[in-house]
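Here the structure comes first, spelled out in structure tokens, and everything after it is commentary.
Every heavy atom of this structure was used, including side-chain atoms; hydrogens, water molecules and symmetry mates were not.
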Amino acid sequence: MFGNKDIPVYLFMGFLESGKTTCIREIIEEGNFADGKRSLLILTEEGEVELDDMLLARHKIDVITVENEEEFTENVCNHNLKKYRSDRVIIEVNGMWDLDNIINKVLPENWVVIQCFTTVNAQTFDMYVNNMKSMMMPQFQMADLVIFNRCNSGMDKPSMRRAVKGINRMTQVIFESEDGTVENNIEEELPYDINATDITLEDDDFGLWYIDVTEHPERYEGKTITFKGQVYRSPNFPSGTFVPARAAMTCCADDIQKIGFLCHWPDAEKLDVDSWVMVSIKVKPEFNPQYQQLYPILWADKVSPAEPPAEETVYFS
């Protein structure tokens with residue numbers, strides 16, 4: 001039964017009292033693990049909410065608790081998988097533990113992470129993002145879904161969403177109010193006219209455009225977009241392509257990375273790497289099999305030398 005068989009793993013991430021256990025309970029109650037297979041639920045901290053024993057038994061879910069990070073090992077994983085004859089694993093991850101270590105050293109090689117959820121207590125989000133953003137960042141980077149719970153009408157949801165999308169532009173972000181109402185279509189107020197045929201991005205507009213065109217490339221199809229970027233090329237790029245990129249800070253000054261989209265331009269190889277250019281491009285969405293959705297590909301009409309922007313780094317919050 002076990003051998004080299006792949007074991008699907010579902011990760012629930014977030015800090016203490018962020019709603020991880022509630023999220024797990026709701027997913028179980030919705031019948032997502034009601035296929036008759038056995039599940040092993042690994043808890044790595046004691047939260048304020050407990051799971052009902054009857055609910056767990058009904059869905060064939062066995063529970064173990066690992067209280068100390070150093071006790072969470074590959075041997076513990078394999079031992080309990082065999083002991084309970086589990087077909088899949090659900091892990092409620094302690095937000096203070098080293099997520100990279102769990103993924104790359106603790107989980108057995110045949111344990112395959114299928115889906116990642118990150119829960120966030122919206123009422124304490126500012127405190128964590130201001131003081132512990134480096135610890136939140138891996139939780140957002142891996143997440144397929146980020147759930148902000150305990151929201152109220154006075155919160156700046158677009159800013160919260162932007163903070164997540166700046167780290168992982170492909171994740172889905174939803175907001176759940178205290179009465180259980182869910183919002184997943186939080187629209188940004190864009191600093192340019194999305195209905196215009198020709199859109200010129202100010203240097204500070206790039207971050208918002210980058211997120212919006214990733215999520216809605218069809219909005220920009222056929223339009224001419226003009227903006228400033230820094231030439232980036234890789235030996236792996238197809239001939240006649242480059243990325244007009246910007247440096248983005250997603251976490252701290254030590255975590256700055258280039259962001260942008262592949263751009264077709266016949267003279268791309270003649271452009272000096274790291275030089276600044278003004279580009280006028282058109283967006284042509286193409287289906288990306290990795291992300292299973294449309295993705296923006298740029299085709300340049302014009303590329304000309306430009307001066308660097310006053311602020312070279314893009315911020316998302």
Problem set entry | Pair Thr73-Asn75, side chain to side chain donor-acceptor pair (under 3.5 Å): steps then yes or no | CA-CA 5 Å; Thr73 65; Asn75 286 338; 5.1 Å; no
Exercise. If you look at every heavy atom in Ile256 and Ala247, which pair is closest and at what distance?
Worked result: CG2-CB, 3.7 Å
Exercise. Are any of the side-chain nitrogens in Arg233 or Glu269 under 4.0 Å away from the carboxylate oxygens of its partner?
Worked result: yes
Exercise. Can a donor-acceptor pair be found between the side chains of Arg169 and Tyr210 at a distance below 3.5 Å?
Worked result: yes
Exercise. Which pair of heavy atoms, one from Gln230 and one from Asp274, lies closest together, and at what distance?
Worked result: NE2-O, 2.9 Å
For this session: Check the angle between the aromatic planes of Phe148 and Phe125 and answer parallel, tilted or perpendicular using the 30° and 60° thresholds.
Result: perpendicular
For this session: Examine the side chains of Tyr220 and Asp212 and answer whether a donor and an acceptor come within less than 3.5 Å of each other.
Result: yes
For this session: Could you tell me whether Glu215 and Arg161 make a salt bridge, using a distance below 4.0 angstrom between a side-chain N and a carboxylate O?
Result: yes
For this session: Please work out which of the three classes, parallel, tilted or perpendicular, describes the rings of Phe117 and Phe12, given edges at 30° and 60°.
Result: parallel
For this session: Would you confirm whether Asn110, through its side chain, and Lys5, through its main-chain N or O, come within 3.5 Å as a donor-acceptor pair?
Result: yes
Exercise. Does Asp62 come within less than 4.0 Å of Arg85, counting only side-chain N to carboxylate O?
Worked result: no
Problem set entry | Nearest heavy-atom neighbours spanning Met135 and Phe15 | CB-CZ, 3.9 Å
For this session: Describe, in one word, how the ring planes of Phe261 and Trp209 are oriented to each other, choosing from parallel (under 30°), tilted (30 to 60°) and perpendicular (over 60°).
Result: perpendicular
Exercise. Are side-chain N/O atoms of Asn130 and Asp126 paired as donor and acceptor at under 3.5 Å?
Worked result: no
Exercise. Are Cys77 and Val106 close enough that some pair of their side-chain heavy atoms sits under 4.5 Å apart?
Worked result: yes
